[in-house]
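Reviewing the structure listed below.
Every number for a ligand or one of its atoms is a count from 1 in the order of the listing.
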Amino acid sequence: MSYPYQILSEEQYKEVYQFSIEKPEEFWASVAKHFTWKKKWEKVLEWNFKDPDVKWFKGAKLNITENCLDRWALTQPNTPAIIWESNDPEEHHRVLTYQELLFKVSQFANVLKNNGVKKGDRVCIYMPMVPELAIAVLACARVGAVHSVIFGGFSAQSIADRMRDARCEVVITADGAFRGNKEVPLKNVIDDALLQSPDVRRVIVLTRNRTPVSMIKGRDVWWEDEIRKVETMGNPFFPAEEMDAEDMLFILYTSGSTGKPKGVVHTCAGYMVFANYSFVNVFQYKPGDVYFCTADIGWITGHSYIVYGPLSAGATTLMFEGIPTWPDAGRFWDIVDKFRVNILYTAPTAIRSLMGFGDSYVADKDLSSLKVLGSVGEPINEEAWHWFHKNIGKEKCPIVDTWWQTETGGIMISNLAGITPAKPAHATLPLPGIQPVLVDENGNRIEGSDAASGILPADIISGNLCIQFPWPGIIRTTYGDHERCRQTYFSAYEDKYFTGDGCFRDTDGNYRITGRVDDVLNVSGHRIGTAEVENAINMHTDVVESAVVGYPHDIKGQGIYGFVVYSGSNSDLNLVRQDINQTVSRLIGPIAKLDKIQFVSGLPKTRSGKIMRRILRKIAEGELENFGDISTLLDPDVVKQIAEARV
Ligand code: PRX
């Protein structure tokens with residue numbers, strides 16, 4: 001196994017990059033030809049960003065699971081595909097080879113078929129981080145069903161909203177999940193969600209912690225029983241459904257600046273090629289390497305870099321069920337030591353949290369197998385970068401700082417491990433095929449320090465980050481509402497995809513992404529819309545209105561700060577704060593809980609009723625004067641009151 005499209009030197013990166021923007025279609029075709037196709041494409045790319053309408057590898061037929069499983073089961077059947085480490089360090093780990101994984105995916109694809117799942121159907125998956133989650137995802141892809149994986153930290157209400165939006169009829173879940181020393185009652189949460197989801201006709205329940213669960217006749221079945229039925233069938237091989245290049249592969253919900261999360265849609269061929277290409281090049285995966293991504297499959301990082309990217313490359317991907325701090329803060333390093341992990345991909349929030357426990361949890365672990373470290377999800381601050389580099393990478397492992405989004409499907413801007421230079425806190429350079437541009441608020445392109453244009457002025461520039469040309473992993477639509485996709489990503493700046501991120505570019509063309517410029521928070525690498533949180537707070541019986549902003553948080557990157565106008569009579573304000581957080585937790589999930597709640601008599605609003613968030617952001621950040629011009633406010637005094645009572 002080798003990857004003919006793996007870039008092996010900085011010089012080659014420059015050449016390939018240049019070629020990729022001069023001849024994008026030829027470039028991507030030269031990558032795509034190394035995959036398994038049932039029928040070759042007629043046209044590499046057809047696109048416009050107006051509608052938007054983007055088609056990659058038009059006319060091609062394929063199934064992504066043949067690329068992730070069958071081809072490797074044939075050429076390297078005994079190579080471990082998935083290594084699984086339990087939440088419980090005492091429970092034996094599991095290894096599934098490519099041959100075994102193909103067998104299990106085939107089996108479960110038959111289960112799906114027996115339960116009436118057909119090509120195009122949407123299937124909701126709400127599961128713990130066990131191999132069966134990857135199996136469920138791949139089995140959906142094998143039968144051509146569209147999976148919508150929902151992260152275990154979302155509430156019943158959020159699940160119901162997402163299931164309704166996608167019109168899911170089938171759910172795959174487990175009785176419960178282990179998370180550190182806690183158990184999470186997944187099936188119970190699903191049962192609550194089902195009260196509001198009349199379309200769901202089948203729930204397949206995997207046994208994990210065997211906590212008592214309700215099972216409803218005619219609707220709920222056990223995973224293991226369904227597998228037993230398939231076992232009596234004889235040969236369980238499930239021929240992969242033929243999919244069109246642009247058939248939907250999955251929906252993944254993500255937060256935006258409005259109250260309602262949107263279902264980002266990715267399609268089969270382009271997503272596959274891009275997830276694979278970025279995996280192979282950014283991490284510089286070499287056959288035999290053990291690769292460990294600490295994300296959850298409920299997020300895009302898990303989709304692209306636990307499941308589809310590594311498996312489509314025939315790699316060994318390590319899946320971890322637990323949390324970094326249990327039984328102690330050395331758990332990641334135990335896993336690296338135990339499995340001789342070569343590549344570790346994690347999040348700045350995890351690094352900062354583990355850093356806070358001190359170096360003693362690292363000291364006695366053998367981390368000498370590590371070759372490459374990666375970071376994703378939010379800007380990595382220099383302190384965390386250096387700690388990671390020194391204590392984990394022992395100053396010999398390149399760190400890839402990978403910038404991308406749910407909507408981009410795969411890594412867009414990153415150094416290539418050991419190939420192109422790293423720069424602390426910088427995502428650095430675009431991958432081949434990616435054409436970033438910086439624009440000012442009027443949409444004017446800010447030229448300079450632009451590797452693509454060859455102009456390198458002396459100053460670092462800053463602007464809003466857009467991408468001016470399609471890449472194969474680009475979002476195709478937002479499920480059920482194409483106009484929303486156009487509005488959100490393609491209307492702010494003509495003929496460009498707008499990322500929502502602000503960014504610097506230095507004189508060498510390195511990008512440093514600074515964070516969202518819209519009303520989206522990034523809390524521990526999780527995207528949360530302020531409007532979503534405000535809607536939830538406002539549902540509390542005694543809340544009149546509220547405004548939510550982010551503020552710098554040492555571990556989470558951003559914390560959530562809420563200003564709440566409360567009209568209730570309870571004088572125990574700490575209890576009220578807990579009630580409000582309970583409400584948010586019910587409606588969105590524990591991940592959206594507020595870190596700080598300040599009760600205020602009113603919010604700073606303009607005469608037209610618009611909340612001046614800029615001022616609230618300053619107060620939350622601890623800047624208690626110099627608010628700029630506040631003369632346009634309806635009641636300027638309110639600002640002083642709020643600043644004085646900051647919590
Ligand atoms: O603000 C950027 C930040 O995370 C956002 C995307 O979030 P999500 O769709 O949940 O995907 C996270 C995993 C890819 C971006 O708009 N972000 C992601 N990676 C980085 C980053 N910010 C700075 N540096 C990064 N490496």
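Closest to atom 10 (O) of ligand 1 among all protein heavy atoms lies R527 CD, 3.4 Å. The shortest contact between atom 16 (O) of ligand 1 and any protein heavy atom is with D501 OD2, 2.6 Å. Scanning the protein heavy atoms around atom 23 (C) of ligand 1, the nearest turns out to be P379 N, 3.1 Å.
Within 6.0 Å of CZ on R179 lie no more than 12 heavy atoms contributed by other residues, nucleotides or ligands.
Below 3.5 Å of separation, one finds no N or O of T301 facing any N or O of ligand 1. Inclusion of T402 in the set of residues having an N or O under 3.5 Å from an N or O of ligand 1 is warranted. At a 3.5 angstrom cut-off on N or O pairs, I380 does not count as close to ligand 1. On a distance-only criterion, T499 and ligand 1 share no N/O pair closer than 3.5 Å. Of the N or O atoms in T254, none lie within a sub-3.5 Å distance of an N or O in ligand 1.
A side-chain N or O of Y253 and one of D165 form a donor-acceptor pair less than 3.5 Å apart.
Using a 4.0 Å cut-off between a side-chain N of Lys or Arg and a carboxylate O of Asp or Glu, K618 and E621 do not qualify as a salt bridge.
Contacts with ligand 1 closer than 4.0 Å are made by backbone heavy atoms (N, CA, C, O) of E378 only, the side chain lying farther away.
Between I172 and V123 there is a side-chain heavy-atom pair separated by less than 4.5 Å.
Against a heavy-atom cut-off of under 4.0 Å, T406 is close to the following atoms of ligand 1: 8 (P), 9 (O), 10 (O), 11 (O). Here is the list of ligand 1 atoms found below 4.0 Å of a heavy atom in V376: 13 (C), 14 (C). Atoms of ligand 1 found under 4.0 Å from any heavy atom of N522, numbered from 1 in the order shown, are 3 (C), 4 (O). Short contacts between ligand 1 and W404, defined as distances under 4.0 Å to a heavy atom of the residue, involve ligand atoms 6 (C), 14 (C), 15 (C), 18 (C), 19 (N).
Figure legend: cation-pi geometry between K496 and F490 absent, as NZ or CZ is not positioned both under 6.0 Å from the six-membered ring centre and within 45° of its axis. A cation-pi arrangement is present between R162 and F154, with the terminal nitrogen or guanidinium carbon under 6.0 Å from the aromatic centre and inside a 45° cone about the axis.
Only one option out of I300, V520, I591, L521 pairs with R527 in a side-chain contact (heavy atoms from CB on, under 4.5 Å); it is V520. Here the options are I392, I343, N342, the test is side-chain contact (heavy atoms from CB on, under 4.5 Å), and the partner is L370; only I392 passes.
Of the possible polar contacts, none joining the K396 side chain to the G393 backbone as a donor-acceptor pair under 3.5 Å is found.
Remark: distances from the non-hydrogen atoms of G377 to ligand 1 include one below 4.0 Å.
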